[in-house]
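Since this is a predicted model, take the numbers as computed values, not measurements. We're numbering straight along the sequence, starting at 1.
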Amino acid sequence: MTEKKFCVPAIIAAAAALILGIFSLPAESILLSAGVIIFSLAKRKKYRPLIPVIICALALLLSVSFLSLLIHGETTGTASSDYWLMRLIFGEMK
């Protein structure tokens with residue numbers, strides 16, 4: 001019986017998604033996390049997907065909460081973020 005191994009590139013990409021989420025790039029972190037989860041689940045017959053999926057779930061949770069905080073700040077008028085996605089959605093800061 002062959003033993004499944006961990007996919008190191010998927011773990012590295014999941015860690016990168018978590019780091020992007022921590023350092024305030026939520027949209028990029030969400031996209032990378034979704035891609036890593038899809039890749040890990042597609043390759044689950046060859047590799048173990050548990051570690052990358054858990055790291056990406058944490059990154060998704062962190063990024064979505066930070067993005068919702070940014071959107072809430074923009075809608076209430078208390079935000080001072082110059083994040084590109086907020087400028088794309090809400091226009092220039094006043």
Student: Does S65 reach the main-chain N or O of L62 with its side chain, forming a donor-acceptor pair under 3.5 Å?
Tutor: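 Checked: pair present.
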
Student: Distance-only, no hydrogens or angles: does the S33 side chain make a donor-acceptor pair with backbone N or O of I30 under 3.5 Å?
Tutor: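 Absent.
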
Student: Testing the basics here: between A10 and V36, what is the closest heavy-atom pair and its distance to 0.1 Å?
Tutor: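 Closest pair (atom of A10, atom of V36, distance): O-CG1, 3.7 Å.
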
Student: Looking at every non-hydrogen atom in both residues, tell me the closest pair between A14 and P52 and how far apart they are.
Tutor: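 Distance-wise, the nearest heavy atoms are CB-O, 3.8 Å.
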
Student: As an exercise, state the distance from CD1 of I55 to CD1 of I12, rounded to the nearest 0.5 Å.
Tutor: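 It comes to 10.5 Å.
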
Student: Measure across A13 and L32 and return the closest heavy-atom pair with its distance rounded to 0.1 Å.
Tutor: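 Heavy atoms only, the tightest pair is O-CD2, 3.5 Å.
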
Student: Ignoring hydrogens, what is the shortest heavy-atom contact between I51 and F6? Give both atom names and the distance.
Tutor: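 Nearest heavy atoms, I51 then F6: CD1-CE2, 3.6 Å.
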
Student: So, taking the atom named CD1 in I11 and the one named CD1 in I54, what distance separates them when rounded to the nearest 0.5 Å?
Tutor: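 So the gap between those two atoms works out to 10.5 Å.
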
Student: Measuring from atom CG of L58 to atom CG of L60, what distance do you get when rounded to the nearest 0.5 angstrom?
Tutor: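 Answer for the CG-CG pair, L58 versus L60, is 9.0 Å.
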
Student: With clusters defined by side-chain heavy atoms of hydrophobic residues (ILVMFWY) lying less than 4.5 Å apart, directly or transitively, does L70 cluster with L88?
Tutor: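 Same hydrophobic cluster.
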
Student: Taking all heavy atoms of E74 and all of M86, pick out the closest pair and write down the distance.
Tutor: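 Residues E74 and M86, closest heavy atoms: CG-SD, 3.9 Å.
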
Student: Consider only side-chain heavy atoms of I, L, V, M, F, W and Y, link residues closer than 4.5 Å, and tell whether F39 and V53 are in one cluster.
Tutor: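 Per the 4.5 Å side-chain linkage, F39 and V53 are not co-clustered.
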
Student: What distance separates L67 CG from L25 CG, expressed to the nearest 0.5 Å?
Tutor: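 So the gap between those two atoms works out to 11.5 Å.
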
Student: To the nearest 0.5 Å, how far apart are OG in S24 and CG in L69?
Tutor: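 Spacing of OG (S24) from CG (L69) equals 11.5 Å.
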
Student: Check for me, please, whether Y47 and L50 land in the same ILVMFWY cluster - side-chain distances under 4.5 Å, paths through other members count.
Tutor: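 They do not share one cluster, since no chain of ILVMFWY contacts under 4.5 Å joins Y47 to L50.
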
Student: Say whether, by atom type as modelled, one donor and one acceptor occur between the side chain of Y83 and the main chain of A27 under 3.5 angstrom.
Tutor: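 Yes; at least one donor-acceptor contact below 3.5 Å.
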
Student: For R44, is there any backbone N or O sitting under 3.5 Å from a side-chain donor or acceptor partner on K4?
Tutor: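 Side chain of K4 to backbone of R44: a pair is present.
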
Student: Search all heavy atoms of L20 against all heavy atoms of S29 and return the closest pair with its distance.
Tutor: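 Looking at all heavy atoms of both residues, the shortest contact is CB-CB, 4.0 Å.
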
Student: Working to the nearest 0.5 angstrom, can you tell me the gap between I22 CD1 and F66 CZ?
Tutor: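 Between I22 CD1 and F66 CZ, I get 12.0 Å after rounding to 0.5 Å.
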
